[in-house]
There are 2 protein chains.
Amino acid sequence: MSSTRPGPRERLLDAARDLTYRQGVHVGVDAILKQADVARRSLYQHFGGKDGLIAEVLRTSAQEDRYRTVMDAAGEDPRARVLAVFDELERITTAPGFRGCRYTSADLALTDPQHPAHTEVRRYKDGVHALFTDELTRLGHPSPEAAADQLLVLVDGVLAHAVTRPDAHPARAARRLAVHVLDARD
Amino acid sequence: MSSTRPGPRERLLDAARDLTYRQGVHVGVDAILKQADVARRSLYQHFGGKDGLIAEVLRTSAQEDRYRTVMDAAGEDPRARVLAVFDELERITTAPGFRGCRYTSADLALTDPQHPAHTEVRRYKDGVHALFTDELTRLGHPSPEAAADQLLVLVDGVLAHAVTRPDAHPARAARRLAVHVLDARD
DNA sequence: GATTAGATAGACCGATTGATCTACTTGTCA
DNA sequence: TGACAAGTAGATCAATCGGTCTATCTAATC
């Protein structure tokens, strides 16, 4: 028995996830519809419009889960778990087709402050912040929240810088700084 | 005597610099022409097209000079000069109308790898890298190039993260890490 | 004063944008 | 069988995209 083809809604999300990452959020609706092999009407039925589709793509992209998985694979030690994220970043940024962070990209590209995507970007980054804060707390870090902010700056810095200067291997550079964040005793 | 109005070329660059920052590189040519109060033909005469205009905007934006000025105002000590950049970043990211790093934005928004803007983005970031390398060398840092890469990750991280989470004050968080970069003795 | 390069104004081009619409087909459940 | 919801196909819409065109005007140079 062949696996059932996903419904129009899922196909739209998949196509939009792929195309908005490779081409940016300014891809045409036509291109998304064509790749999803879906009727025009289905898009507006399910998501109300392009903006809704983009927001839903960000809401369901679950890059957070990827970091969580990497951490879990690194074992119990909070220190190792955090550093594993930066090892993963080295893989991500050197992989073919790397095009930066989709959340940062969307936040920068969408000029209208009212665009629903901004809410999802904020939610995502807050989520990663919580992820780091948990580890730092378990580590007994003196100021987990502030340290998590530092780690977030490093992550965003890696993903942004690697687009322009991948040969600088920003993930490795950031990993060395992450060690300082983890070992801070003040 | 009133100051002479700049020529069409300068007015185009000014308008494009303003609009591409506020609205992104996908602003329409019409909007740029209107704000510059310049004939359509002048754009294609001077820059060959929109792509050429955008590239020239990046080439002449001279954000590098801003960092240089800030450093010079901070005195002679390389340590103080580098940290002054992060103090400046705190001002930049909290100023009204802050919309992230125009170079990173352009690099992410322009999907075509052949777009002339990418060359200018790379040139700019290499320039900042050289700026930092100089200071680190004068400071006697054991590996100025690698440390400059770390500072660049911090700068890009601040400018990217501040777009989504300005309340985290990433510039301050990054400044604390910059101290570690400067004081590295290994 | 005549020539000429540079700027302006604006029509015009085909292509594409996001979105709405009607008409038809499909599958499901009552 | 009949009703209904969901999906498809595609025409159509006004608006905008980047770019080319002709025609006119202006200012400096010879």
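Order of the sequence lines fixes the chain letters, A, B, ..., with proteins taken first and strands second; residue numbering starts at 1 for each chain.
- Salt bridge status for R22(B) with D18(B): present, with a side-chain N to carboxylate O gap under 4.0 Å.
- The CG atom of L43(B) sits 8 Å away from the P atom of dG19(D) (whole-angstrom rounding).
- When the P atom of dT8(D) is taken as reference, atom CD of Q45(A) falls 11 Å away, rounded to whole Å.
- Across all strands, R11(A) comes closer than 4.0 Å only to sugar-phosphate atoms, never to a base (heavy-atom distances).
- Taking only side-chain atoms of Y44(B), from C-beta outward, the nucleotide of dT20(D), dA19(C), dT8(C) with the closest atom is dT20(D).
- Residue side chain R40(B) does not reach the base of dA9(C) through any donor-acceptor N/O pair under 3.5 Å, judged by distance alone.
- Set against dG18(C), dT17(C), dG18(D), the side chain of D30(A) has dT17(C) as its closest nucleotide.
- Checking dG19(D), dT8(D), dA7(C) against the side-chain heavy atoms of S42(B) singles out dA7(C) as nearest.
- Remark: of the listed residues R66(B), R17(B), E120(B), E56(B), R17(B) is the sole one forming a side chain to side chain donor-acceptor pair (under 3.5 Å) with S61(B).
- Residue-level contact check: D37(B) touches the backbone only, with heavy atoms under 4.0 Å from sugar-phosphate atoms and none from bases.
- Straight-line distance from the CZ atom of R5(B) to the C1' atom of dA27(D): 16 Å, rounded to whole Å.
- Between R41(A) atom CZ and dT26(C) atom P the separation is 17 Å, expressed in whole Å.
- We find that NZ of K34(B) is positioned 15 Å from P of dG18(D), with the value rounded to whole Å.
- T119(B) and R59(B) are not linked by any side-chain donor-acceptor pair at a separation below 3.5 angstrom, with hydrogens and angles left out of the test.
- Following chains of ILVMFWY side-chain contacts shorter than 4.5 Å, one can reach V128(B) starting from L136(B), so the two form part of one hydrophobic cluster.
- With rounding to the nearest 0.5 Å, the separation of CG in L58(A) from CZ in R122(A) is 15.5 Å.
- If you measure from atom NZ of K50(A) to atom P of dT17(C), you get 8 Å, rounded to the nearest angstrom.
- Here the P atom of nucleotide dG19(D) and the CG atom of L33(B) are 11 Å apart, to the nearest Å.
- Considering only the side chain of H46(A), dG7(D) comes nearest among dC21(D), dT22(C), dG7(D).
- For R9(B) and dG6(C), the CZ to P distance is 13 Å, given to the nearest whole Å.
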